J.: 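Pasting a structure below so you can have a look.
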Number of protein chains: 2
Amino acid sequence: MFNINLQSRMPIYEQVYKKVIELIIKGILVENEQLPSVRNLSKELNINPNTVAKAYQELERNKIIYSLSGRGSFVAKTNRNQMKEHILEEFDVCIKEALQSGLTKEELKNRIDGVKL
Amino acid sequence: MFNINLQSRMPIYEQVYKKVIELIIKGILVENEQLPSVRNLSKELNINPNTVAKAYQELERNKIIYSLSGRGSFVAKTNRNQMKEHILEEFDVCIKEALQSGLTKEELKNRIDGVKL
DNA sequence: TATGTGTAACACTTCATTTAGTACACCTAA
DNA sequence: TTAGGTGTACTAAATGAAGTGTTACACATA
């Protein structure tokens, strides 16, 4: 379910952070569902528990999950639109950078059509 | 002409790099025009000459400028389309990340329309 | 009680970035 | 020829982010 890329320039904790959001947006993780424990996930991914904890803490800070001491971490009241808004705000940064560089909105929109995942 | 943000998470040398491309795309820097010298630009921006040099070296490595030892650095054969392609490839990364997170192309295109620079 | 949970703290390493300083070879104009 | 400007190269150091290793604590539950 989780998979991370140690070679990526993106920090591991950020990859975990985004992965959780992705799973929520896709409906794979649903409201009140328990996430893998910090220790389990860190073992599964072969990374340090602190790194997973950092991702979970960021997620909780943004009300995407809630953590109960001694119980575990769970998906908060699912608000798909809020999730999407979250991702779109990051996308905004990219848009602005491209526009800043002198490209037009039309050029960007056309580019999206051409992208294959 | 140049302006950088020391608070930005983006490395300074990368900001300089992008700024040059932006100026070329916008037609402010034209073919064979001389760029500010490493030492001058570093003074103007209050940063280390090595940082500017790093940006220029990256630009030369990508054939965007050419440097003549003892003379200076100049804009290479201007190919605006190549410049744009360069920026668009970076944009691709953002698109893929957003799609990966579960958003649709339509949602992204609509977002572009709403962005104000 | 034993085990699993999140959380916190600390020291340490690693790495990219940036700075500081020096030096060299080259070009050009006075 | 010379002085000053140019890119380039190199070493050393400081800084901060990221990640690791480890230990410890409080809480919940079977």
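Values below: all heavy atoms of this structure, side chains included; hydrogens, waters and symmetry mates excluded. Everything numeric here is computed off the predicted structure, so don't read it as measured data. Chain letters run A, B, ... following the sequence lines, proteins first, then strands; residues in each count from 1.
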J.: Between A:Y13 and D:dA18, is there a side-chain N or O to OP1/OP2 distance below 4.0 Å?
T.: yes

J.: Between A:L6 (CG) and C:dT14 (C1'), how many Å, whole number?
T.: 14 Å

J.: Indicate whether OP1 or OP2 belonging to C:dT5 is found under 4.0 Å from a side-chain N or O atom of A:S37.
T.: yes

J.: Flag the pair B:F91 / A:F91 as yes when their ring centroid distance falls below 6.0 Å, and as no otherwise.
T.: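 Centroid distance B:F91-A:F91: below 6.0 Å, so yes.
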
J.: Less than 4.0 angstrom from a charged side-chain N to a carboxylate O is my criterion; do B:K54 and B:E14 meet it?
T.: no

J.: Distance check needed: C:dA16 P versus A:M10 CE, whole Å only.
T.: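 Computing the A:M10:CE to C:dA16:P distance gives 17 Å.
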
J.: Here's a test of your reading of the structure: between A:G70 and A:I12, which maps to the more 5' nucleotide of DNA chain D?
T.: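 Mapping each residue to its closest nucleotide by heavy atoms, the 5'-most match is A:I12.
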
J.: Figure out the CG/P separation between B:N46 and C:dT18, and round it to whole Å.
T.: 14 Å

J.: Under 4.0 Å between a side-chain N or O of A:T51 and OP1 or OP2 of D:dG19?
T.: no

J.: If I take atom CG in residue B:L68 and atom C1' in nucleotide C:dT28, what distance separates them, rounded to the nearest angstrom?
T.: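 It is 13 Å, rounded to the nearest whole Å.
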
J.: Stepwise, does the side-chain contact (heavy atoms from CB on, under 4.5 Å) test hold for A:K18 with B:Q100?
T.: CA-CA 10 Å; A:K18 290 196 171 182; B:Q100 187 68 41; over 6 Å; no

J.: If you assign each of B:N50 and B:K54 to its closest nucleotide in DNA chain C, which residue comes earlier from the 5' end?
T.: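 The residue closer to the strand's 5' end, by nearest nucleotide, is B:K54.
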
J.: Compare the minimum distances between each of C:dG6, C:dT19, D:dT22 and the side chain of A:N48, then state the nucleotide with the smallest one.
T.: D:dT22

J.: Could you say whether B:Y56 or A:P11 is positioned toward the 5' end of DNA chain D, judged by the nucleotide with the nearest heavy atom to each?
T.: B:Y56

J.: Under a 4.0 Å N-O cut-off, is there an ion pair linking A:K105 with B:D113?
T.: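 B:D113 and A:K105: not salt-bridged.
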
J.: Within the 4.5 Å heavy-atom criterion, are A:I47 and A:Y13 side-chain neighbours or not?
T.: no

J.: If I take atom CZ in residue B:R39 and atom C1' in nucleotide D:dA9, what distance separates them, rounded to the nearest angstrom?
T.: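 Atom-to-atom, B:R39 to D:dA9, this comes out as 12 Å.
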
J.: Let me know the distance between CD of A:Q57 and C1' of C:dA9, rounded to the nearest Å.
T.: 12 Å

J.: With sugar-phosphate meaning primed atoms plus P, OP1 and OP2, does B:E60 contact a base, only sugar-phosphate, or nothing at under 4.0 Å between heavy atoms?
T.: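 Sugar-phosphate, no base atom in range.
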
J.: Rounded off to whole Å, could you give me the NZ-to-P distance for the A:K43 and D:dT20 pair?
T.: 15 Å

J.: I need the CD1-C1' distance between B:I47 and D:dT15, as an integer number of Å.
T.: 16 Å

J.: Taking 4.0 Å as the cut-off, does a side-chain nitrogen or oxygen of A:S73 come that near to OP1 or OP2 on C:dG6?
T.: yes

